[in-house]
Amino acid sequence: MSDMRKLLPVLLMALFLSSAPPAHAQKWEISTNALDYINLGTLNIEGGYAVAQHWSVHLGARYNPFAFGSEEKGYFQNKKQAYSAGARWWAWHTWSGLWISGKAQYMEYNSGGILADRAEEGDAFGGSLAAGYTYMVTPHLNVDFGAGVWAGMKYYTRYSCPRCGITVDRGSKPFVMPNDFMVSLSYVF
């Protein structure tokens with residue numbers, strides 16, 4: 001009889017677990033790119049949703065309102081607000097392993113005084129292709145590594161210095177530039 005009493009809790013637990021509802025995969029992700037903060041404090045966030053085993057869709061935003069310096073030493077800034085929407089294809093399954101992404105992106109920017117005493121402001125829009133790897137640290141925490149390239153059209157105004165307002169050039173032109181250098185922390189739920 002004592003053997004049956006020991007076995008009864010195990011049988012009850014097995015019955016309970018077999019009747020429990022099935023667990024659902026983690027569908028949502030929210031992340032922030034640590035390298036953007038190094039870019040003069042650019043605030044950023046990206047949200048993602050897994051639509052299939054190998055596909056996820058993403059919306060992102062970046063914002064940098066900061067200017068640094070003084071009249072004596074000069075000013076430098078990399079102000080921007082950028083918005084993106086795109087998709088990722090995952091080689092193994094969403095939120096883990098190798099991925100390739102594409103997205104549409106718009107950015108309003110004002111940059112100057114960093115490498116030269118000039119400034120440029122304007123609007124840029126286009127498409128981006130990137131690739132990377134996501135490492136699962138815990139079931140809810142990931143680290144993303146990646147890089148990409150962005151191409152499109154920009155409409156700009158160039159100034160002779162970051163604060164003087166003297167226009168040097170104005171126009172529009174196509175561009176191709178590196179984009180999405182990332183070491184992101186992601187929370188998956």
Side-chain angles (χ1 to χ4, degrees), residues 9-66 78-109 111 114 123-154 174-189:
V10 173
L11 290 173
L12 288 174
M13 183 63 85
L15 180 63
F16 172 75
L17 290 176
S18 66
S19 66
H24 296 286
Q26 296 166 327
K27 293 282 190 179
W28 296 92
E29 172 207 42
I30 190 164
S31 67
T32 188
N33 184 1
L35 295 182
D36 270 349
Y37 293 103
I38 295 170
N39 181 7
L40 301 179
T42 301
L43 309 170
N44 65 89
I45 191 164
E46 183 175 280
Y49 179 74
V51 294
Q53 179 180 355
H54 296 285
W55 288 95
S56 60
V57 293
H58 297 260
L59 293 174
R62 295 178 183 166
Y63 180 65
N64 186 334
F66 308 113
N78 195 11
K79 295 181 176 182
K80 68 180 79 173
Q81 60 177 337
Y83 308 98
S84 62
R88 280 188 189 173
W89 176 82
W90 300 81
W92 186 30
H93 64 79
T94 54
W95 320 133
S96 180
L98 294 171
W99 52 264
I100 298 171
S101 71
K103 67 181 176 181
Q105 184 168 296
Y106 166 79
M107 179 171 63
E108 179 183 14
Y109 66 95
S111 180
I114 297 170
D123 298 298
F125 62 92
S128 174
L129 293 174
Y133 184 83
T134 297
Y135 178 73
M136 293 174 54
V137 179
T138 70
H140 292 286
L141 182 65
N142 292 347
V143 178
D144 299 333
F145 302 95
V149 68
W150 181 28
M153 191 70 155
K154 72 177 180 176
F175 67 90
V176 176
M177 61 188 286
N179 189 38
D180 286 339
F181 292 109
M182 69 173 72
V183 177
S184 295
L185 293 175
S186 303
Y187 179 75
V188 179
F189 55 100

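If you're wondering where the values come from, they're calculated on a predicted model, not measured in any experiment.
Exactly one of Asn33, Thr32, Asn64 qualifies for a side-chain hydrogen bond (donor to acceptor under 3.5 Å, both in side chains) with Asn44. That residue is Thr32.
Not one N or O on the side chain of Asp180 forms a donor-acceptor pair closer than 3.5 Å with the backbone of Ala147. In this structure, the side chain of Gln105 does not engage the main chain of Gly152 through any donor-acceptor pair within 3.5 Å. In terms of modelled atom types and a separation under 3.5 Å, the side chain of Asp144 and the main chain of Met182 share no donor-acceptor contact.
Applying the side-chain hydrogen bond (donor to acceptor under 3.5 Å, both in side chains) rule to Ser128 yields the partners Asn179; only residues at least two apart in sequence or on another chain are considered. For His93, there are no ring-ring contact (aromatic ring centres under 6.0 Å, His included) partners at least two apart in sequence or on another chain.
To the nearest 0.5 Å, the span separating CE on Met107 from NZ on Lys154 amounts to 8.5 Å. The distance from the CH2 atom of Trp90 to the OG atom of Ser101 is 9.0 Å, given to the nearest 0.5 Å. In this structure, the separation between OH on Tyr49 and CD on Glu29 is 13.5 Å, given to the nearest 0.5 Å. Here the OG1 atom belonging to Thr94 is positioned 7.5 Å from the CD atom belonging to Gln53, to the nearest 0.5 angstrom. To the nearest 0.5 Å, atom CG of residue Leu98 and atom CH2 of residue Trp89 are 8.5 Å apart. Taken from CG in Leu40 to NZ in Lys80, the straight-line distance is 8.5 Å, to the nearest 0.5 Å.
The two residues Asn39 and Thr42 come nearest to each other via the heavy atoms O-OG1, 2.9 Å. For the pair Ser84 and Lys103, the tightest heavy-atom approach, listed with the atom from each and the gap, is CB-CD, 3.7 Å. Here the closest heavy-atom approach between residue Pro174 and residue Met153 is recorded as N-SD, 3.5 Å. The minimum heavy-atom distance between Val143 and Val183, with the atom names listed, is CG1-CG1, 4.3 Å. Here the shortest heavy-atom pairing between Gly102 and Leu129 reads CA-CD2, 4.1 Å.
Residue pairs satisfying the ring-ring contact (aromatic ring centres under 6.0 Å, His included) criterion with at least one member in residues 129-153, sequence neighbours excluded, are listed as follows: His140-Tyr187, Trp150-Phe175.
Ring geometry for Tyr83 versus Tyr106: interplanar angle under 30°, hence parallel rather than tilted (30 to 60°).
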### Task
Could you walk me through whether Ser186 and Trp95 pass the side-chain hydrogen bond (donor to acceptor under 3.5 Å, both in side chains) test, one step at a time?
CA-CA 9 Å; Ser186 303; Trp95 320 133; over 6 Å; no

